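Quick caveat: nothing in here was measured; it's all calculated off a predicted structure.
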Amino acid sequence: MTFQAPKGVPEFWPPRSATLTAVRTAFADAAERAGYGYIEVPVFEETQLFARGVGESTDVVSKEMYTFEDRGGRSLTLRPEFTAGVLRSVLEHNLHTGQLPVKLWTTGPAFRYERPQAGRYRQFQQFDLEAIGTEDPTVDAETIAIAWDGYQALGLSRVRLLLNTLGCKECRPLYRAALQDFLRALDLDEATRQRAEINPLRVLDDKRPEVRAKVDAAPLITDHLCASCKAHHDQVRELLADLSIPWEDTPRLVRGLDYYTRTTYEFDHPMLGAQSGIGGGGRYDGLSEDIGGPPLPGIGFAVGVDRIILAVEAEHGPGAAGQARCEVYGVPLGERAARAVFGLVTELRRAGVAADMAFGGKGLKGAMKGADRSGAAFAVILGERDLAAGSAQVKTLETGEQSEVPLTEIVMKLKERLGK
RNA sequence: GUGGGUGUAGCUCAGCUGGCAGAGCGCCAGGUUGUGGUCCUGGAUGUCGUGGGUUCAAGUCCCAUCACUCACCCCA
């Protein structure tokens, strides 16, 4: 083995890759049903877009970006998240000049230079959804409902929804100052003191028990909201209750990216160890202006496809998503028969039947083994004898029953027996 | 970035205080010259993660390095 994949890059191959496509499909279907359209955005952007959008003070920008210079001397960065790029595209192509909100989804890899761990990778897959151009709290609830339905479609019963609000540009600064005053009075280690200065909210969700204890009496955002943020938050919660989506109010929930305002939420799965966040989202009402656009509120979420795969496997065991099922398996005996079987298999496929065959001049025994493993309901056995008779042996693999069927009728008969 | 654990066949792993490289599963073939799933028999596959060191002798001991993994951190 001379080459290996770069560090921290997961790869997926059958049968496990079926879970990956199932996860994408579950969320894409939920999004499409709600009127969200697919948008394809670039994997890399101008570095400044992320620096200004995600925020210079975040760890993501300050120490985790894959930044490089291209041959033209431009500084580019592999996307560490989707929202900034999607919003940039919306503004650049004036998608926000029509009816609002603009509702979009996308999916693909994102990149962060971090120490790999279970559920944390340097290249990771996200499904992302954004609703841009309205402050209506109904849309906040809509995005949550879509994510929720995605998890439900995958049969995940143990997902928790954690809900909070971060206030707006009116009330958040006041809260931030109050929190900072509180934190400065505490005896904290150097790294945490610095975080308290740069991003004080982050100190609230420190996992270390000794820090948790000290922060226990910290002021909470929910006690510092302005009237409109409080009303917004209450409406979102009422809407979720209407939809029977259970949530937990978590006033210490913060988000790692600077752009979040008002509604913020996270989806969490209890069987994943340290990287238990399987999705997160929220409102970003100031982001458009941060990247040079007009005032344009928005809300969206990203879910971690890799982590959801782990959650599906944790709840349902590996291979639960199953794979493409073969229905008919061709077993040729000899070269002339192999040509005929290949033609038959192709004809079956064109007729909408999932069909495969034994390759490489395998013997009958080996080919039958292949038929068995394929999961097919029927094996079609064809040798010189059958060719001469103009028919094939159709074997029902579960029962072992076998009958002779004329080649001219075989596609029709098989479709019939498969209920097609 | 910090700290722990692990790297041996395609997979899961055993290999004691250094002394001939192993098992199960899988794969291939045969038992059954045209019939799978069970059973029996046989077979193939290893730079023991990589590089150095100690030793008559290293999978085993030492150092370095790479990767994986768990936690912190970060976040999806």
At less than 4.0 Å, is any side-chain N or O atom of Lys7(A) found next to OP1 or OP2 of A67(B)? Yes or no.
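Yes.
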Within the structure, does a side-chain N or O atom of Arg115(A) lie under 4.0 Å from either OP1 or OP2 of C72(B)?
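For Arg115(A), the contact criterion (side-chain N or O under 4.0 Å from OP1 or OP2 of C72(B)) is not met.
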Report the C-alpha distance between Phe27(A) and Tyr151(A) in whole Å, list the side-chain angles of each, state the deciding distance to 0.1 Å, and finish with yes or no for ring-ring contact (aromatic ring centres under 6.0 Å, His included).
CA-CA 8 Å; Phe27(A) 286 92; Tyr151(A) 293 122; 5.2 Å; yes
So does [X] reach the base of [N] with its side chain, donor to acceptor, closer than 3.5 Å?
X         : N      : answer
Gln393(A) : U35(B) : no
Gln275(A) : A71(B) : no
Arg120(A) : C73(B) : yes

Using the C1' atom as the reference point in each nucleotide, state the distance between U6(B) and C13(B) in Å, no decimals.
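Looking at atom C1' only, U6(B) and C13(B) are 13 Å apart.
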Touch check for Arg373(A), heavy atoms < 4.0 angstrom, all strands: base, sugar-phosphate only, or nothing?
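Here Arg373(A) touches the backbone only, sparing every base.
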Is Lys63(A) touching bases, backbone alone, or none of the nucleic acid, heavy atoms closer than 4.0 Å?
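No contact at all - Lys63(A) keeps every heavy atom at 4.0 Å or more from the nucleic acid.
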Could you check whether atom CD of Glu398(A) has more than 12 heavy atoms from other residues, nucleotides or ligands sitting under 6.0 Å from it?
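Not more than 12 within 6.0 Å, no.
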Relative to the 5' end of RNA chain B, which residue comes earlier, Val9(A) or Val60(A), by the nucleotide with the nearest heavy atom?
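Here Val9(A) is the residue nearer the 5' end.
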Centroid-to-centroid, Tyr265(A) to Phe267(A), below 6.0 Å?
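Yes: the rings meet the under 6.0 Å criterion.
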Applying the Watson-Crick and G-U wobble criteria at under 3.5 Å, what pairs with U55(B)? Answer none if nothing qualifies.
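Answer to the pairing question: none, since U55(B) forms no Watson-Crick or G-U pair.
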Among G34(B), A71(B), G36(B), which nucleotide sits nearest the side chain of Ile381(A)?
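That would be G34(B).
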